[in-house]
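These notes concern the structure reproduced below.
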Amino acid sequence: MGCGNYRKDDIAGARDRGCVCLAVRAIKDVQDAADQDCFDCKNDCFLEPLGSLVSPVGNAPNTRVFKLYNKKGDLFKVHPKHYCWKTPYFRVKNVFDDCCATLQVLKKVHVTGADVESEDELMGLNNNFEYVLTGDCITVDLDCFCAIQCIDDVRVEGVCD
């Protein structure tokens, strides 16, 4: 495994994909399980797990935020439309074919909703930030990446809408 190198699986004849692909597929499974918790009725008697009425499931994390690193070890960033900066934060929307994925581009904002304009501002936020969807998606070949870093499990508004 690693950096797009794969081998034939002698038993099943399937290709053994890189760890980034496997990790993104696992993240997608975790997020899909969380997305099943999108309920309009926050006091439904069938809500699980126990404690959901006190701390509603609707506030539970629905996103595992991650960063990707290319084969040179550089952080992969994209430039969302209508923004003057690049962001390295993603949420997996779909994994398809051998190992391609549609990623939703996320940005960090101050809890007040104010945009963060620079890396320096990001560093000064401490824990006073949240992740929001930019409205942009990118499609990537996961075999082009050598590392993935999971950042946080968070609730991103607009995902279940």
Side-chain angles (χ1 to χ4, degrees), residues 1-40 44 46-52 55-83 85-109 116 119 122 125 127 129-161:
M1 281 195 318
C3 293
N5 297 324
Y6 46 85
R7 63 182 186 275
K8 283 284 211 183
D9 183 346
D10 295 333
I11 298 171
R15 295 194 293 193
D16 179 15
R17 304 314 300 217
C19 62
V20 171
C21 182
L22 296 174
V24 171
R25 285 183 188 278
I27 291 169
K28 175 69 173 138
D29 291 344
V30 169
Q31 288 179 177
D32 285 350
D35 284 346
Q36 293 175 5
D37 296 334
C38 297
F39 297 103
D40 292 333
D44 187 334
F46 294 98
L47 285 177
E48 294 181 20
L50 189 62
S52 297
S55 179
V57 174
N59 295 328
N62 61 1
T63 298
R64 180 157 291 165
V65 179
F66 61 91
K67 295 178 182 180
L68 294 168
Y69 294 84
N70 66 22
K71 293 178 182 183
K72 293 181 181 179
D74 297 328
L75 183 61
F76 178 69
K77 296 180 181 183
V78 298
H79 191 260
K81 289 187 275 184
H82 312 295
Y83 295 102
W85 41 263
K86 292 182 179 181
T87 179
Y89 303 108
F90 303 100
R91 175 186 196 279
V92 62
K93 182 170 179 64
N94 191 20
V95 180
F96 55 94
D97 289 339
D98 271 343
C99 230
C100 293
T102 301
L103 306 179
Q104 291 176 294
V105 181
L106 302 173
K107 68 175 180 171
K108 270 187 177 180
V109 297
V116 177
E119 297 271 342
L122 280 176
L125 289 180
N127 289 328
F129 66 87
E130 60 188 11
Y131 294 95
V132 297
L133 297 170
T134 63
D136 287 357
C137 291
I138 60 168
T139 301
V140 297
D141 180 344
L142 295 171
D143 286 332
C144 294
F145 300 100
C146 277
I148 184 169
Q149 180 183 12
C150 291
I151 303 299
D152 205 356
D153 289 345
V154 299
R155 178 116 193 122
V156 174
E157 296 303 322
V159 169
C160 292
D161 296 348

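- For the pair Ile27 and Cys150, the tightest heavy-atom approach, listed with the atom from each and the gap, is CD1-SG, 3.8 Å.
- Atom-to-atom distance recorded for Thr63:OG1 and Leu133:CG is 7.0 Å, nearest 0.5 angstrom.
- Ala23 and Ile148 get closest at one heavy-atom pair: CB-CG2, 3.8 Å.
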(request) Please assess Leu106 against Val132 for the test side chain to side chain contact (heavy atoms under 4.5 Å, CB included), listing each intermediate value before the final yes or no. (result) CA-CA 5 Å; Leu106 302 173; Val132 297; over 6 Å; no
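- Screening Tyr131, Phe129, Phe66 against Tyr89 for a ring-ring contact (aromatic ring centres under 6.0 Å, His included) leaves a single residue, Tyr131.
- Nearest heavy atoms, Asp136 versus Lys81: OD2-N, 2.6 Å.
- The closest side-chain heavy-atom distance from Arg91 to Val159 is below 4.5 Å.
- In this structure a side-chain-to-backbone donor-acceptor pair under 3.5 Å is present from Gln31 to Val92.
- Residues Val156 and Val154 form a side-chain contact, since some pair of their non-hydrogen atoms from C-beta on lies under 4.5 Å apart.
- Residue Asn70 holds its CG atom at 12.0 Å from NZ of Lys77, rounded to the nearest 0.5 Å.
- Under a cut-off of 6.0 angstrom, the local environment of NZ in Lys67 is crowded, with over 12 non-hydrogen atoms contributed by other residues, nucleotides or ligands.
- Taking both residues in full, the closest heavy atoms of Cys19 and Cys146 are given as SG-O, 4.4 Å, listed atom of the first, atom of the second, then distance.
- A pairwise comparison of heavy atoms in Lys71 and Cys144 identifies CG-O, 3.8 Å as the closest pair.
- Across Leu68 and Leu75, no two heavy atoms sit closer than the pair O-CD1, 3.6 Å.
- A donor-acceptor pair under 3.5 Å is absent between the side-chain atoms of Arg64 and the main chain of Ala26, judged by distance alone.
- Note: Phe76 and Phe145 have perpendicular aromatic rings, judged against thresholds of 30 and 60 degrees for the angle between ring planes.
- With values rounded to the nearest 0.5 angstrom, Thr139 atom OG1 is found 7.5 Å from Leu103 atom CG.
- Cys99 contributes atom SG, which lies 5.0 Å from atom CG of Leu142 (distance to the nearest 0.5 angstrom).
- Between Arg155 and Pro61 the shortest side-chain heavy-atom distance does not fall below 4.5 Å.
- At least one donor-acceptor pair under 3.5 Å links the side chain of Thr134 to the backbone N or O of Val105.
- Between Val24 and Lys28, every side-chain heavy-atom pair lies at or beyond the 4.5 Å cut-off.
- Taking a cutoff of 4.0 Å between a charged side-chain nitrogen and a carboxylate oxygen, Asp29 and Arg25 do not qualify as a salt bridge.
- To the nearest 0.5 Å, the span separating NZ on Lys108 from CG on Asp152 amounts to 8.5 Å.
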